[in-house]
Engineer: 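My questions all concern the structure below.
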Amino acid sequence: PPSPSYLPPSASPLPASPAVRIGDWLQEAWRILQPVWLECVGAVLVMFLVMAVGYVLCVLPALIIMGPLGAGANIYFAKRLLGLPAAVGDLFKGFRRFGEAFLVGLVIYLVPALINITLAIPRILTATGTHGDYERVAAPLLALTGCIAAVGYLISLAYMILANTFLVFAMPLVLFRQMTAMDAMRRSIELVKPQFPGFLVLLVVCHLVGMAGGLGVCVLCVGALVTVPLAWSLINLVQLQAYRELVGLTPADLAPYMD
């Protein structure tokens, strides 16, 4: 029998998740972007143009292509991150995983849009129907529907924050690990959960970068052509660096999209 002083070996601790290094990722993203910024701006503008055409035709086509186009952007910037040749045509290679990319985009983008549309309908109906005998109840009804809409918008905002934080790796997992949408979203949540505060800060920083890019709109609309696409490029490169550190990203993962 073991002596009283014997202590059984302790279980090996689980490996810690890589740290969320926002500053390092931003610096690396800017370093990658500097020599190819013009090409990246052009690629993002093409994507914005395709999205704009979708919205002009109808909101539905835009919602359908939003996920696959976002997937294509992941492919394009993953190639930039790894130093591989990248072209505007890569933006459309997300359609090779159309079904799964569409489902991920559906969960992230469509749900809050449906919430906002649903909550706006009663207010619109109230505003257009408050004439004649209904004028006496117009103000209370508008106030009530306004309060309901405000609560709904807060719910929508909370949903968007949580979805964009927990599902930040869902699209890359669909593309580079060939996962189904459901498996990719589940795995993304598992990866983010241990460091949720850090990834929430990452989301806030990415939004601040986007807002900084939007300030260029105030200067002769330059932002619509340069600063907004630059900010969008930085955001994609930062998120993909996070994915590379937590999951791994190699040229072999991009083999299905190299033609």
Side-chain angles (χ1 to χ4, degrees), residues 43-44 46-79 81 89-119 152-153 155-193 196 199-200 202-203 206-207 210 232 235-244 246-249 252-259:
V44 174
V46 169
M47 189 185 70
F48 286 173
L49 179 62
V50 174
M51 286 297 303
V53 171
Y55 277 113
V56 168
L57 294 176
C58 179
V59 175
L60 185 59
L63 291 174
I64 291 174
I65 65 175
M66 189 177 295
L69 276 179
N74 271 241
I75 294 169
Y76 178 85
F77 285 105
K79 289 184 176 183
L81 177 62
D90 292 323
L91 294 172
F92 303 99
K93 291 179 181 178
F95 285 90
R96 297 180 182 180
R97 299 281 290 161
F98 174 81
E100 308 303 331
F102 168 73
L103 288 175
V104 172
L106 192 72
V107 172
I108 295 176
Y109 305 116
L110 184 58
V111 171
L114 289 177
I115 292 174
N116 291 332
I117 292 171
T118 302
L119 292 169
Y153 294 147
I155 294 173
S156 176
L157 178 62
Y159 177 90
M160 290 180 65
I161 291 172
L162 292 173
N164 281 278
T165 302
F166 278 114
L167 303 182
V168 64
F169 300 132
M171 196 69 80
L173 287 167
V174 162
L175 294 169
F176 309 133
R177 289 292 184 270
Q178 303 298 311
M179 288 187 177
T180 65
M182 291 303 299
D183 288 342
M185 288 188 282
R186 189 180 301 111
R187 180 58 180 151
S188 182
I189 292 171
E190 291 172 354
L191 290 167
V192 170
K193 191 184 297 183
F196 174 73
F199 282 104
L200 183 59
L202 176 63
L203 176 69
C206 287
H207 276 284
W232 211 84
I235 291 169
N236 274 267
L237 286 168
V238 167
Q239 292 176 339
L240 284 168
Q241 285 181 83
Y243 172 83
R244 180 173 64 177
L246 269 77
V247 181
L249 183 64
D253 298 321
L254 287 156
Y257 316 104
M258 291 305 295
D259 56 324

Engineer: Report the distance from atom CZ of Arg186 to atom CG of Leu191, rounding to the nearest 0.5 Å.
Structural biologist: 13.0 Å
Engineer: Walk me through whether Phe77 and Val238 qualify under side chain to side chain contact (heavy atoms under 4.5 Å, CB included).
Structural biologist: CA-CA 10 Å; Phe77 285 105; Val238 167; over 6 Å; no
Engineer: Any idea which heavy atoms bring Met47 and Ala73 closest together, and the distance?
Structural biologist: SD-CB, 4.0 Å
Engineer: Write down the atom of Gly105, the atom of Met171, and the distance for their closest heavy-atom approach.
Structural biologist: N-CE, 4.3 Å
Engineer: Apply side-chain hydrogen bond (donor to acceptor under 3.5 Å, both in side chains) to Asp90 and list each qualifying residue two or more places apart in sequence or on a separate chain.
Structural biologist: Lys79, Lys93
Engineer: Could you tell me which residues satisfy side-chain contact (heavy atoms from CB on, under 4.5 Å) with Glu100, sequence neighbours excluded, listed by chain and number?
Structural biologist: Arg97, Leu103, Val174, Thr180, Ala181
Engineer: How long is the gap from CZ on Phe95 to CD1 on Ile65, to the nearest 0.5 Å?
Structural biologist: 5.5 Å
Engineer: Could you report the tightest heavy-atom contact between Tyr257 and Leu175, atom names first, then the distance?
Structural biologist: OH-O, 2.8 Å
Engineer: Please round to the nearest 0.5 Å and tell me the distance separating atom CG of Leu81 and atom OH of Tyr76.
Structural biologist: 13.0 Å
Engineer: Taking everything shown except Met182 itself, do over 12 heavy atoms lie less than 6.0 Å from its CE?
Structural biologist: no
Engineer: Give a yes or no on whether the backbone of Pro256 and the side-chain of Arg96 come within a donor-acceptor separation of less than 3.5 Å.
Structural biologist: yes
Engineer: Roughly how far apart are Ile64 CD1 and Leu69 CG, rounded to 0.5 Å?
Structural biologist: 12.0 Å
Engineer: Any chance you could measure Gln241, atom CD, to Asn236, atom CG, to the nearest 0.5 Å?
Structural biologist: 11.5 Å
Engineer: With sequence neighbours left out, write down each residue that passes ring pair (Phe, Tyr, Trp, His ring centres under 6.0 Å) with Phe199, or none if nothing qualifies.
Structural biologist: Phe169
Engineer: Looking at residues at least two apart in the chain, or sitting in another chain, which of them share a side-chain contact (heavy atoms from CB on, under 4.5 Å) with Ala78?
Structural biologist: Phe176, Leu240, Leu249, Leu254
Engineer: Once ring pair (Phe, Tyr, Trp, His ring centres under 6.0 Å) is applied, do any residues pair with Tyr159, and if so which ones, sequence neighbours excluded?
Structural biologist: none
Engineer: Quick one: list whatever passes ring pair (Phe, Tyr, Trp, His ring centres under 6.0 Å) with Phe92, sequence neighbours left out.
Structural biologist: none
Engineer: Looking at CG of Leu157 and CG of Leu162, how far apart are the two atoms once the value is rounded to the nearest 0.5 Å?
Structural biologist: 9.5 Å
Engineer: Determine the minimum heavy-atom distance between Leu203 and Ile161, stating which atoms define it.
Structural biologist: CD2-O, 3.5 Å
Engineer: Of the non-hydrogen atoms in Ala184 and Ala170, which two are nearest, and what is the gap between them?
Structural biologist: CB-O, 3.4 Å
Engineer: Which atom pair, heavy atoms only, marks the closest approach of Arg177 to Val247?
Structural biologist: NH2-O, 3.3 Å
